[in-house]
Each structure stands twice: as structure tokens, then as C-alpha cells.
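In what follows, a single structure is set out as C-alpha cells and then discussed.
Just so you know, these numbers come straight off a predicted model, no measurement behind them. Quick note: residue numbers are just sequence positions, from 1. Below, each value reflects all heavy atoms present in this structure, side chains not excepted, and no hydrogens, waters or symmetry copies.
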Amino acid sequence: MMLPNIGIRHMQLYPCSNLPKYMLDFAQFCCDEIGLSTLRGNVFLNLKRGSIESDSYGITWGDDREVTVLIASHQFGAPISREDKLKTIAHELVHAHQLLTRKMRDIDFVQTVVWEGERVSSEVDRVDPWEVDAVAAESVLFEAWKVRV
């Protein structure tokens, strides 16, 4: 559903030109489901043909005005499945929501984060709370999408 423009600026999703339609449709579904669509700010969604840093599936960075999401198409040289790409979009859009709402503020590229007002250093032997949120949402959103399509 499109909201009328009545002087209130809502989140704008800017997909890259090479983003397949199924990924864009899923991203828009996720934005609506997690309430990202109602926030102020811009989200730039990019698909990288190939691997991204640390061979991760996706990465998100930004602040409370603008967020960039990068999704990989390959990991360790092998293609990432369609399901995993969609789950990664859901996961990274949760991070976008965390950033736009200032629930999370990235101080130095995930080494130190302000999470719900507290300064938290990322540690190898601990699960970070921002990741707990994102991991919990990715499968729920994917399963809801499967029922819808």
C-alpha cells in the first residue's frame, strides 16, 4: 500500500539496477513487515556480483538518516542460494531498522557499537544482541514470504 505524500517523509528504498525482481519484491515485503517503511531515512540496497569482504553473505552500515545494504551473490567462490540471499536481505534490513531507529549506532564498523544506549564491544565468544534480533527475524520473514507467494 502506498502512503499519500502529506508532508511526512517516509523511508525510501533505493535498489541497485541489477537487483532481480524477486529480491526487490521480498525487500519491500520485509520493509513493510518490520516497520521499516514507516521510518524516515533512505536505504540503498545493492547486489554485489561475487563475494564481499570476509566472504560474508551481507553487510550493512549507516546511521539514522541513510543506510547501505550490500548482498553478495557468492561466498568462497560458490553461488549463494536464492533462499540464503533472501534470508540475508531480511537479516540486513533488520540491521537497517536498528540503525534508522538508533537502537544501534555503529561507532567503528562493528568493533564497538552503541546498543540501546550502552556502549558494547563485539567479542568473539559472545553473540551480539543486534545479531540475535536479525537472526531471529530472517527465517520468520522468509517463511511468511513463502506463504504469501
Side-chain angles (χ1 to χ4, degrees), residues 1-75 80 82-145:
M1 177 175 115
M2 295 293 294
L3 296 173
N5 186 349
I6 55 174
I8 299 173
R9 187 169 162 253
H10 290 281
M11 188 276 302
Q12 294 293 311
L13 180 65
Y14 295 98
C16 65
S17 61
N18 68 340
L19 193 73
K21 183 174 179 352
Y22 79 92
M23 291 176 80
L24 176 59
D25 290 345
F26 181 71
Q28 290 171 328
F29 170 80
C30 290
C31 288
D32 291 341
E33 288 295 305
I34 64 176
L36 192 57
S37 304
T38 64
L39 301 176
R40 294 179 186 199
N42 298 315
V43 176
F44 297 89
L45 180 59
N46 301 293
L47 175 64
K48 169 77 173 2
R49 298 287 181 194
S51 300
I52 59 177
E53 86 181 48
S54 303
D55 269 315
S56 62
Y57 279 21
I59 189 168
T60 299
W61 66 93
D63 55 31
D64 60 343
R65 293 178 309 274
E66 188 172 289
V67 176
T68 300
V69 174
L70 184 59
I71 306 297
S73 65
H74 289 73
Q75 183 185 47
I80 296 172
R82 178 182 179 131
E83 178 177 335
D84 284 337
K85 282 187 267 192
L86 293 178
K87 286 181 177 179
T88 301
I89 287 171
H91 181 106
E92 299 303 331
L93 288 175
V94 169
H95 289 319
H97 188 277
Q98 294 166 344
L99 288 164
L100 288 174
T101 59
R102 296 181 60 94
K103 184 174 186 177
M104 175 174 70
R105 289 186 296 129
D106 195 357
I107 296 175
D108 59 7
F109 299 102
V110 187
Q111 297 305 313
T112 305
V113 169
V114 174
W115 176 254
E116 296 182 333
E118 299 284 324
R119 191 179 207 109
V120 179
S121 293
S122 190
E123 299 173 19
V124 175
D125 60 343
R126 177 176 56 79
V127 177
D128 297 318
W130 51 93
E131 289 298 335
V132 171
D133 278 2
V135 169
E138 66 187 42
S139 291
V140 171
L141 289 165
F142 181 73
E143 292 303 319
W145 171 257

Trp130 side chain reached by Val120 side chain, heavy atoms, under 4.5 Å: yes

Chi angles and distances behind the side-chain contact (heavy atoms from CB on, under 4.5 Å) call for Ile71, Leu19: CA-CA 10 Å; Ile71 306 297; Leu19 193 73; over 6 Å; no

Straight-line distance of Leu70 CG to Lys48 NZ, nearest 0.5 Å: 7.5 Å

Nearest non-hydrogen partners of Asn42 and Phe44, listed with the distance: CB-CE1, 3.8 Å

Minimum heavy-atom distance Gly35-His97, with the two atoms named: C-CD2, 4.1 Å

Smallest separation among heavy atoms of Leu100 and Leu39, with atom names: CB-CD1, 4.0 Å

Minimal non-hydrogen separation, Ser56 against Ala72, with atom names: O-CB, 3.7 Å

Parallel, tilted or perpendicular, as decided by the 30° and 60° cut-offs, for the rings of Phe26 and Phe142: perpendicular

Non-hydrogen side-chain atoms of Trp61 and Leu99 separated by less than 4.5 Å: no

In residues 85-94, what donor-acceptor pairs under 3.5 Å come from side-chain atoms, sequence neighbours left out?
residue : atom : partner : partner atom : Å
Lys87   : NZ   : Glu83   : OE2          : 2.9
Thr88   : OG1  : Asp84   : O            : 2.6
His91   : ND1  : Glu138  : OE1          : 2.7
His91   : NE2  : His95   : NE2          : 3.1
His91   : NE2  : Glu131  : OE1          : 2.8
Glu92   : OE1  : Thr60   : N            : 3.4
Glu92   : OE1  : Thr60   : OG1          : 2.5

Non-neighbouring partners of Phe29 that pass ring-ring contact (aromatic ring centres under 6.0 Å, His included), sequence neighbours left out: Trp145

pair Asp133-Lys103: side-chain heavy atoms closer than 4.5 Å: yes

Atom pair CG (Leu36) and CD (Gln28), whose distance is rounded to the nearest 0.5 Å: 11.5 Å

Which atom of Leu13 lies closest to which atom of Ala27, heavy atoms considered: CD2-CB, 4.2 Å

